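Below you'll find the structure, written out as structure tokens, and then a few comments.
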Amino acid sequence: QVHVVESGGGLVQAGGSLRLSCAASGRTFRSYAMGWFRQAPGKERKFVAAIGWSGGITSYADFVKGRFTISRDNAENTVYLQMNDLKPEDTAVYYCAADYRRPIATMKDEYDYWGQGTQVTVSS
């Protein structure tokens, strides 16, 4: 069993920044692909960003390219999502997920383990 726990959400004004953290445990962290998804009220959960096992491969949704950066620290079993230039439409619950079957994954059905989510609210 893999446990994934997000932190770092909060309330921020438009144009501000937040850094989300995701701590994973239970299996060898460096063998997971990790991803971030978000879900706004009444909307489907959407892919935000993903990072491969070694951190050398990343993928981003078009709506965050140039503003968000995903990274990982395998020594700390943690993946990060640095979010800059936040917009009110970025308001959502952000979820971290782990997939140990693929080098990288961008579809939510590909992920095996999910955290409980952390709320990000961006005020205008």
Side-chain angles (χ1 to χ4, degrees):
Q1 185 67 25
V2 174
H3 293 283
V4 178
V5 180
E6 305 94 337
S7 62
L11 173 64
V12 64
Q13 289 188 332
S17 299
L18 281 175
R19 188 176 81 156
L20 305 183
S21 299
C22 171
S25 62
R27 293 176 69 112
T28 305
F29 179 74
R30 66 181 68 250
S31 66
Y32 315 150
M34 300 295 294
W36 287 97
F37 290 74
R38 72 187 191 188
Q39 188 166 17
K43 301 289 182 63
E44 289 188 359
R45 192 170 298 189
K46 289 186 177 180
F47 169 74
V48 174
I51 190 164
W53 296 327
S54 68
I57 302 173
T58 57
S59 180
Y60 295 92
D62 286 344
F63 53 80
V64 302
K65 280 182 180 176
R67 299 189 298 126
F68 292 10
T69 302
I70 190 170
S71 61
R72 66 189 296 160
D73 184 340
N74 286 343
E76 296 294 328
N77 286 8
T78 303
V79 64
Y80 303 98
L81 185 68
Q82 177 66 43
M83 305 186 296
N84 298 328
D85 190 24
L86 282 160
K87 306 175 187 299
E89 52 264 41
D90 294 319
T91 295
V93 177
Y94 283 70
Y95 295 91
C96 180
D99 170 26
Y100 63 91
R101 292 174 289 174
R102 299 168 186 83
I104 192 167
T106 61
M107 307 293 289
K108 60 181 184 290
D109 291 343
E110 295 175 324
Y111 283 87
D112 305 289
Y113 303 101
W114 292 83
Q116 294 299 306
T118 185
Q119 177 70 46
V120 171
T121 303
V122 184
S123 62
S124 57

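This structure is a prediction, so every number in the text was calculated from the model and none was measured. Just so it is clear, the values below take in all heavy atoms, side chains as well, and ignore hydrogens, waters and symmetry mates.
We find the CE-CH2 distance between M83 and W36 to be 8.0 Å, quoted to the nearest 0.5 Å. To the nearest 0.5 Å, atom CD1 of residue I104 and atom OG1 of residue T58 are 6.5 Å apart. Annotation: the span from I57 atom CD1 to I70 atom CD1 amounts to 12.5 Å, rounded to 0.5 Å. Atoms CZ and OG, from R67 and S17 in turn, are 10.5 Å apart once rounded to the nearest 0.5 Å.
By the salt bridge (Lys or Arg N to Asp or Glu O under 4.0 Å) test, R38 is found to be paired with D90, residues two or more places apart in sequence or in another chain being considered. Under the rule for a salt bridge (Lys or Arg N to Asp or Glu O under 4.0 Å), the partners of R102 that lie at least two apart in sequence or sit in another chain are D99, E110. Residues satisfying the salt bridge (Lys or Arg N to Asp or Glu O under 4.0 Å) test with K87, not counting sequence neighbours, are D85. Applying the side-chain contact (heavy atoms from CB on, under 4.5 Å) criterion to K65, with sequence neighbours excluded, gives Y60, D62. Not counting sequence neighbours, T69 has no partner by the side chain to side chain donor-acceptor pair (under 3.5 Å) test.
Both V12 and V48 sit in one connected hydrophobic cluster of ILVMFWY residues. Membership requires side-chain heavy atoms under 4.5 Å apart, directly or through other members. In the hydrophobic clustering of ILVMFWY residues, with side-chain heavy atoms under 4.5 Å counting as a link, L86 and Y80 come out apart. The hydrophobic clustering, which links ILVMFWY residues whose side-chain heavy atoms are closer than 4.5 Å, places Y94 and M107 apart. Transitive grouping of hydrophobic side chains (ILVMFWY, heavy atoms separated by less than 4.5 Å) brings Y113 and L20 into a common cluster.
The minimum heavy-atom distance linking A98 with V2 is given by the pair CB-CG1, 4.5 Å. The two atoms that bring W53 and N74 nearest to each other are O-ND2, 3.4 Å, heavy atoms only.
Listed by first and then second residue, the disulfide bond (SG atoms under 2.5 Å apart) pairs involving residues 47-93 amount to none (not counting sequence neighbours). Residue pairs meeting the salt bridge (charged side-chain N to carboxylate O under 4.0 Å, His left out) criterion with at least one partner in residues 39-54, sequence neighbours excluded, are absent. Each disulfide bond (SG atoms under 2.5 Å apart) pair with one or both residues in residues 73-124, not counting sequence neighbours, appears once here: C22-C96. For residues 111-124, the set of pairs meeting the salt bridge (charged side-chain N to carboxylate O under 4.0 Å, His left out) definition, not counting sequence neighbours, comprises R101-D112.
Other residues sharing the hydrophobic cluster of F37, ordered by chain and number and joined by side-chain separations under 4.5 Å: F47, V93, Y95, Y111, W114. With side-chain heavy atoms closer than 4.5 Å counting as contact, directly or through intermediates, V5 stands alone and belongs to no larger hydrophobic cluster.
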Please list every donor-acceptor pair under 3.5 Å in which a side-chain atom of residues 117-124 meets a protein atom from a residue at least two apart or in another chain.
residue : atom : partner : partner atom : Å
T118    : OG1  : G9      : N            : 3.1
Q119    : NE2  : A92     : O            : 3.4
Q119    : NE2  : T121    : OG1          : 3.3

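R72 places no side-chain N or O within 3.5 Å of a backbone atom of A33 that could act as its donor or acceptor partner. The backbone N or O of Q116 sits less than 3.5 Å from a side-chain atom of E6, completing a donor-acceptor pair.
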